Amino acid sequence: MTDQHHPDAPAPAPASAAPELFTWEFATDPYPAYAWLREHAPVHRTRLPSGVEAWLVTRYADAKQALADQRLSKNPAHHDEPPHARGRTGIPGERKAELMTHLLNIDPPDHTRLRRLVSKAFTPRRVAEFAPRVQELTDGLIDRFAREGSADLIHEFAFPLPIHAICDLLGVPREDQDDFRDWAGMMIRHGKGPRGGVARSVKKMRGYLSELIHRKRESLPAEPVPGEDLISGLIRASDHGEHLTENEAAAMAFILLFAGFETTVNLIGNGMYALLTHPGQRTRLQRSLARGDRALLATGVEELLRYDGPVELATWRFATRPLTIGGQDIAPGDPVLVVLAAADRDPERFADPDTLDLARRDNQHLGYGHGIHYCLGAPLARLEGRTALAGLLTRLPDLRLAVDPDELRWRGGLIMRGLRTLPVEFTPSP
């Protein structure tokens, strides 16, 4: 991909030294390229595969500043987009499906209002009450392949677990969840599905959510019932008498599903891959779990989020006025992408950043963002990650890769980082 030099930017480093970005080789292991950028071009303007030009922010301190800087808007209306880049900065199909009014696309005061409303329905207590269901889903999925001696951990485990979990949490009836699984599968296949498939899946999901919200609103009891689903909570959520509109509720349910499943697929997939390729760390965790000690599991999930997390780049931001990041001037209307994967390997912030250390304590990673847009679903994702990894390592103790790591392929999306497949072998359970 050809990098573009902004007229006001400092002179670039010699072209021969600059890494090539967004190739398949880069997707397999982007960390050497990010190390080069951190050192030589920490705020770097590049042309993305979509044709959009954007700034990549790669150092931890700059990334943390940018994530909290309110001069960087989440609203695509602030993008000074040329005609060839129109509509290429968000989730495909969300504009046409009228799903733009969600937390990833708006700024205060609307963001403050919607997040406050949604937070009432998406509390840590609700997530804690959901733990038995996540355990039940985990055990049920492992039961399906435990006797086989082999499995693809992405398609048979990491993918269905968060889909069914978030559908249950939202209140999607069990008989409809296979449709959600199909739509979600299309959304994470990116360029590998039929042309326009993502946008069609988004449109179908939008239609279904609108109908479901309408049905639930018609039958909503006067008072909340114990364990009430999240869509009912979204409908009920109010702030000084102000309710979510049906469009806002649909957009919010959509983004909780969209953001809540692919990140967890990748947390489980990337996490298991890291453990399978670091046998000393994996054994250490298994021994800890065998003793009934879950402290290493908790710090371990945080380290897996830092080391090779599910979100490679934070979602889009757009400069609303001139600003400077890392000594680089950014013009109004310019897109800015914070590279979480690069920031979380910054040696200025993390000791031995390229080393996987499940017991790492000083680990203020940016895997779930920072500031007012910090991931609302992080507690659920952590619960799913801990439950899934513990289940696999405990029930399939001799789990091993079934192929050479070089044979694995990574999905080619811009924001997320995850494996297409993760084939494993193990001793079949009786």
Side-chain angles (χ1 to χ4, degrees), residues 91 93-94 97-99 102 117-118 120-123 125-144 155-188 197-198 200-237 243-265 268 376-377 379-381 383-384 387-388:
I91 300 167
E94 66 177 357
E98 297 183 359
L99 289 168
H102 57 68
L117 289 171
V118 174
K120 293 180 180 181
F122 201 72
T123 62
R125 179 180 174 184
R126 185 186 293 269
V127 171
E129 290 171 349
F130 200 57
R133 176 58 179 155
V134 174
Q135 187 66 60
E136 180 187 1
L137 285 168
T138 298
D139 291 338
L141 289 168
I142 295 175
D143 286 344
R144 292 184 186 180
H155 292 283
E156 296 178 65
F157 185 72
F159 179 72
L161 173 59
I163 277 290
H164 290 300
I166 197 70
C167 280
D168 282 354
L169 197 67
L170 285 168
V172 176
R174 301 280 170 90
E175 62 268 22
D176 295 343
Q177 292 186 10
D178 283 344
D179 287 337
F180 263 79
R181 184 173 174 167
D182 291 344
W183 298 331
M186 181 61 67
M187 289 163 71
I188 70 168
V198 176
R200 283 195 296 274
S201 293
V202 169
K203 186 176 180 180
K204 289 176 182 176
M205 198 177 289
R206 169 67 168 91
Y208 176 85
L209 287 170
S210 294
E211 182 185 332
L212 183 63
I213 288 167
H214 180 72
R215 290 204 314 263
K216 286 183 180 289
R217 180 169 268 140
E218 291 290 307
S219 59
L220 197 67
E223 296 297 326
V225 297
E228 184 172 72
D229 64 74
L230 185 53
I231 286 180
S232 296
L234 289 173
I235 294 166
R236 196 185 296 281
H243 291 264
L244 288 164
T245 67
E246 199 150 297
N247 259 4
E248 289 172 338
M252 201 60 58
F254 167 74
I255 203 59
L256 289 171
L257 179 81
F258 182 82
F261 87 89
E262 189 172 1
T263 52
T264 308
V265 175
I268 297 169
L376 194 65
L380 177 61
L383 169 66
E384 291 174 333
T387 307

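Worth saying up front: this structure is predicted, and the values here are computed from it rather than measured.
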Check your understanding: Do you know which two heavy atoms are closest between A381 and T264, and how far apart they sit?
Key -> CB-OG1, 3.8 Å
Check your understanding: Distance from E228 atom CD to I235 atom CD1, nearest 0.5 Å?
Key -> 8.5 Å
Practice item. Please indicate whether E175 has more than 12 foreign heavy atoms, meaning atoms of other residues, nucleotides or ligands, lying under 6.0 Å from its CD. Key: yes
Point to revise | Identified side-chain contact (heavy atoms from CB on, under 4.5 Å) partner of R133 from the options E136, Q135, E129 | key: E136
**Study point:** Between CZ on residue F130 and CG on residue L137, distance to nearest 0.5 Å
**Key:** 6.5 Å
Check your understanding: Looking at CZ of R181 and NE2 of H164, how far apart are the two atoms once the value is rounded to the nearest 0.5 Å?
Key -> 5.5 Å
Study note, to complete from the structure: Here the pair of heavy atoms bringing V265 nearest to P162 is CG2-CG, 3.8 Å
Review point. With a 4.5 Å limit on heavy-atom distance, are the side chains of L209 and F180 in contact?
Key: yes
**Study point:** R215 and E218 ion-paired at < 4.0 Å
**Key:** no
Review point. Do D229 and K216 pass the salt bridge (charged side-chain N to carboxylate O under 4.0 Å, His left out) test, and can you show the C-alpha distance, the side-chain angles, and the key distance before you say yes or no?
Key: CA-CA 10 Å; D229 64 74; K216 286 183 180 289; 3.0 Å; yes
**Study point:** Donor-acceptor side-chain pairing of Y208 and D176 below 3.5 angstrom
**Key:** yes
**Study point:** Test log, rule side-chain contact (heavy atoms from CB on, under 4.5 Å), inputs R144 and F157
**Key:** CA-CA 9 Å; R144 292 184 186 180; F157 185 72; over 6 Å; no
Revision key, fill the gap. Separation between CG (D168) and CZ (R174), nearest 0.5 Å, reads 4.0 Å
Check your understanding: Where do V172 and D179 land on the side-chain contact (heavy atoms from CB on, under 4.5 Å) test, with the steps shown first?
Key -> CA-CA 10 Å; V172 176; D179 287 337; over 6 Å; no
Study note, to complete from the structure: Rounded to the nearest 0.5 angstrom, the CG-CG distance for L170 and L212 is 8.5 Å
Study note, to complete from the structure: One should read off an interatomic distance between I268 CD1 and L161 CG, to the nearest 0.5 angstrom, of 4.5 Å
